[in-house]
Amino acid sequence: MKIKLFLLKTAALILMPAFFATAQSVPVQPDEISQSRAAEAWSKVYQVFSHPRCANCHVPDDNLPRWSGPSYGKTSVHGMNISGGQSRIGVETVMCSTCHAHSNSDEPHGPPGSPVWMLAPVEMLWWQQSSKQICEQIKDPTRNGGRTLEEVAHHIQEDELVHWGWDPGKGREPAPYSAKETADFVTLWANAGAPCPE
Amino acid sequence: MQINVNGTQHEVDVDEEMPLLWVLRDELNITGPKFGCGIAMCGACTVHINGQPARSCSMPVGQVSGLITTIEGLGTPDAMHEVQAAWVEHQVAQCGYCQPGQIMSAAALLQMNPNPDDEAIDHAMSANLCRCGTYPRIRAAIKAAAQNIREKSA
């Protein structure tokens, strides 16, 4: 009897870890892995899109560029009563190119620049938008410049003004990650069905 | 490199990164455009490139392509631009340091908008600073120049 009891206890001790191991690591479906990786990828894309280097120029229909982020202290609209106007390049007011050259000024607080310098189209609003709002916008061809998500990833990897976000000149914090990494995050997220946060 | 200023072609031997303002003032002795802030925030250095205003203190000369016009090329004492004439008529200048830039910005504004209201003037001219505070006279002179230009083209 004692021997039987001993064998039972031993068997229990051997089998219990296996039971708990099974209970703890419920088999994960490949689809769920993909969804969780997609959500992680999107959260990184959102970090980029909502970063001041990007969002400061993806502004609403007030057409006012923003000055925000660690480089600027308090958040404000662009100084000197500057407006991009409905043209988003300042045709109606002062052309952005009046002060913004094709490259960043090396002077402290000098104007940043890129071969193209303009506000993003008004429907591509990112300024103070939630992750869900930007996610839905970037998937919507009527609000993303008529692009597929593959084209969005390509745009991030190729566009000069987009690239400025990672090379913003002296004294400005660049957007996180890199253009290549961000394009890869978009591709991963898109290939998993481009889920948006709830 | 070659640059065209006020209708004259110049050969300049300078670094492409040199600001246009330095080339104008130090290499070509065209001293109408003034150095104010050096970071495109005050407008004293404003010139036209292909008719568009540009802050020459922050514009690398290697990036300039096209015709450069400075205050010296906008008009002459004998044949003033309408904006220059209105500036004299309204005695806008006090110390005068910012006025070349003010006039160049005003001339560009009237090129785009021949009948600017106060809001349009505020938008176009707010990035041209005047420490003497001649803003009311600037506004009046712009309106006068606009009217003269409209009357002449009518």
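Throughout, protein chains are lettered first and strands after them, A, B, ... in sequence-line order, and every chain is numbered starting at 1.
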Please tell me if the side chains of B:Ile49 and B:Met59 come closer than 4.5 Å, counting only heavy atoms from C-beta onward. yes

Does the A:Cys135 SG fall under 2.5 Å from that of A:Cys196? yes

Evaluate the side-chain proximity of A:Trp42 to A:Leu188: yes if any heavy-atom separation is below 4.5 Å, no if none is. no

The interface call for A:Pro108 against chain B, heavy-atom contacts under 4.5 Å, is backbone

Decide yes or no for A:Ser68 and A:Trp127: does some side-chain heavy atom of the first lie under 4.5 Å from some side-chain heavy atom of the second? yes

Taking the six-membered ring for Trp, are B:Phe35 and B:Trp22 ring centroids under 6.0 Å apart? yes

Turns out that what part of B:Ala124 lies under 4.5 Å from chain A's heavy atoms comes down to both

Please state whether the rings of A:Trp117 and A:Trp164 are parallel, tilted or perpendicular, taking 30° and 60° as the class boundaries. perpendicular

With a 4.5 angstrom heavy-atom cut-off, is it the side chain or the backbone of B:Leu129 that approaches chain A, or both, or neither? side chain

What option among A:Gly113, A:Ser105, A:Pro111 has the most heavy-atom pairs under 4.5 Å with chain B? A:Pro111

Ranked by heavy-atom pairs below 4.5 Å to chain B, first place among A:Ala101, A:Gly85, A:Gly79 goes to A:Ala101

Among B:Pro53, B:Ala54, B:Gly38, which residue forms the greatest number of heavy-atom pairs with chain A at distances under 4.5 Å? B:Pro53

Quick check on B:Asp122 against chain A: is it the side chain, the backbone, both or neither that has a heavy atom closer than 4.5 Å? both

